[in-house]
Amino acid sequence: QQGKVEEAKTAISDARKANPDDTTLMLTEANLYLKLNDKAAYTKIVSDILQKDPNNSTLLYNLAVLMDEGKDTDSAEKYYKKAIEIKPDYFDANLNLSELLLRKDDVFVKEMNKLGTSEKDNKRYEVLKAERNKCFTNALPYLEKAVQLQPDNQAAKSTLMSVYNALEMTDKLKALKERK
């Protein structure tokens, strides 16, 4: 907090040598590296903590966010799913995973918008539409869970309505709109 980074690193390192299995010290060290924007060191320490405490949904979520920021979407997805497996009512993990899965939609939309009206383009459009629907379907259970957990979260509700609309789930869309 006083900006004495090297002293903090040394103090934590010394404390960890004296107590190598103290996950609280490990977490303190990890948070120091996160504040210093040393994501590699943070990730390594958190991975070490998870070896000792594999059911720490918060750390799994934090790793997922870090992987997502680093554009490692496969790892991010894996960590989000693990966090949700441990804690199914983890709102942020459900919402972030649904958003990560929905981001794949951009690729399909961009290509669809470039297509013309030829028979070949129409066939390609149908393939892309099916892939896009698969993307929406994969995200749907996580987004529905997020809205179930926080029904007043307008951003989550709005996204869910868009997904219902895209998947032509009119009954569910209507029911969601009617909920206050």
Side-chain angles (χ1 to χ4, degrees), residues 21-35 37-109 129-180:
D21 293 328
D22 186 334
T23 55
T24 303
L25 283 174
M26 294 172 81
L27 194 54
T28 300
E29 183 178 23
N31 287 332
L32 172 66
Y33 284 111
L34 187 60
K35 286 179 184 172
N37 207 29
D38 186 342
K39 294 177 181 177
Y42 174 84
T43 301
K44 183 190 179 323
I45 295 167
V46 167
S47 295
D48 291 345
I49 296 170
L50 287 169
Q51 292 290 322
K52 299 172 190 322
D53 183 11
N55 293 323
N56 189 320
S57 59
T58 301
L59 288 180
L60 289 162
Y61 171 80
N62 289 345
L63 275 180
V65 170
L66 214 56
M67 295 298 119
D68 197 6
E69 287 174 356
K71 308 295 184 223
D72 184 353
T73 56
D74 291 339
S75 293
E77 183 175 345
K78 178 183 85 172
Y79 287 124
Y80 282 132
K81 285 181 176 177
K82 181 70 175 161
I84 292 167
E85 180 183 313
I86 293 164
K87 185 179 176 187
D89 64 344
Y90 202 145
F91 171 79
D92 290 326
N94 277 286
L95 184 63
N96 284 15
L97 178 56
S98 71
E99 290 173 354
L100 179 139
L101 295 170
L102 289 172
R103 258 186 263 138
K104 297 175 183 177
D105 177 53
D106 290 342
V107 175
F108 303 123
V109 171
K129 183 178 177 185
E131 287 299 314
R132 188 171 186 231
N133 284 347
K134 202 182 306 179
C135 168
F136 289 136
T137 302
N138 289 339
L140 189 59
Y142 304 105
L143 191 53
E144 286 178 327
K145 183 67 173 183
V147 170
Q148 176 192 345
L149 292 168
Q150 288 190 14
D152 294 333
N153 186 303
Q154 291 305 312
K157 277 178 69 174
S158 177
T159 303
L160 182 56
M161 285 192 281
S162 295
V163 170
Y164 282 157
N165 189 47
L167 292 174
E168 299 175 7
M169 299 173 84
T170 53
D171 291 346
K172 287 191 173 198
L173 177 61
K174 183 180 175 187
L176 186 59
K177 281 181 179 179
E178 289 173 355
R179 265 196 262 158
K180 296 279 177 176

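Nothing fancy with the numbering, it's 1 onward along the sequence.
Contact record, L160 with L140: CD1-CD1, 3.6 Å, taken as the closest heavy-atom pair. Closest of all the heavy-atom pairs between L100 and E77 is CD2-CB, 4.1 Å. Annotation for S75 and D72: closest pair OG-OD2, 2.9 Å, computed over non-hydrogen atoms. The two residues K87 and S57 come nearest to each other via the heavy atoms CD-OG, 3.7 Å. Y142 approaches K81 most closely through the heavy-atom pair OH-CE, 3.5 Å. Between L101 and C135, the closest heavy-atom pair is O-SG, 3.0 Å.
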Q) Can you check side chain to side chain contact (heavy atoms under 4.5 Å, CB included) on M26 and D48, steps first, answer last? A) CA-CA 8 Å; M26 294 172 81; D48 291 345; 3.5 Å; yes
Q. Hey, mind stepping through L50 and L63 against side chain to side chain contact (heavy atoms under 4.5 Å, CB included) and telling me if it holds?
A. CA-CA 10 Å; L50 287 169; L63 275 180; 3.6 Å; yes
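Here the side chains of N153 and V147 are not in contact, with every heavy-atom distance at 4.5 Å or above. Residues E69 and K39 meet the side-chain proximity criterion, which asks for heavy atoms closer than 4.5 Å. Here the side chains of Y79 and V65 are not in contact, with every heavy-atom distance at 4.5 Å or above. In this structure, the side chains of N138 and K134 come closer than 4.5 Å at one or more pairs of heavy atoms. You'll find the side chain of I49 reaches within 4.5 Å of the side chain of L59, heavy atoms only.
Under a 3.5 Å cut-off, the side chain of N31 and the backbone N or O of L27 do form a donor-acceptor pair. Panel note: side chain S158, backbone Q154; no donor-acceptor pair is recorded below 3.5 Å.
Considering NZ of K104 and CZ of F108, their distance stands at 8.5 Å, rounded to 0.5 Å. One distance of note links OH of Y42 with CG of N62; it measures 4.0 Å at 0.5 Å rounding. Separation of atoms CG (D89) and CG (L149) is listed at 6.0 Å; rounding is to 0.5 Å. Summarising the geometry, atom NZ belonging to K174 is positioned 13.5 Å from atom CG belonging to L176; distances are rounded to the nearest 0.5 Å. In this structure, NZ in K157 is found 12.0 Å from CG in L143, a value given to the nearest 0.5 Å. A distance of 6.5 Å separates CG of N56 from CG of L60, quoted to the nearest 0.5 Å.
With respect to K172 and E144, a salt bridge is recorded, a charged nitrogen being found less than 4.0 Å from a carboxylate O. Taking the charged nitrogens against the carboxylate oxygens, K44 and E29 have no contact shorter than 4.0 Å, which rules out a salt bridge. Ion pairing of E99 with R103 is absent here, as no side-chain N (NZ or NE/NH1/NH2) approaches a carboxylate O to less than 4.0 Å.
Around the CD atom of E168, the shell of radius 6.0 Å holds no more than 12 heavy atoms that belong to other residues, nucleotides or ligands.
For K82, the salt bridge (Lys or Arg N to Asp or Glu O under 4.0 Å) test picks out E85, with sequence neighbours left out.
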Distance-only check: which donor-acceptor pairs under 3.5 Å involve side-chain atoms of residues 90-98, not counting sequence neighbours?
residue	atom	partner	partner atom	Å
N94	ND2	P88	O	3.2
N94	ND2	Y90	O	3.0
N96	ND2	Y61	OH	3.0
N96	ND2	Y80	OH	3.2
S98	OG	L95	O	2.7

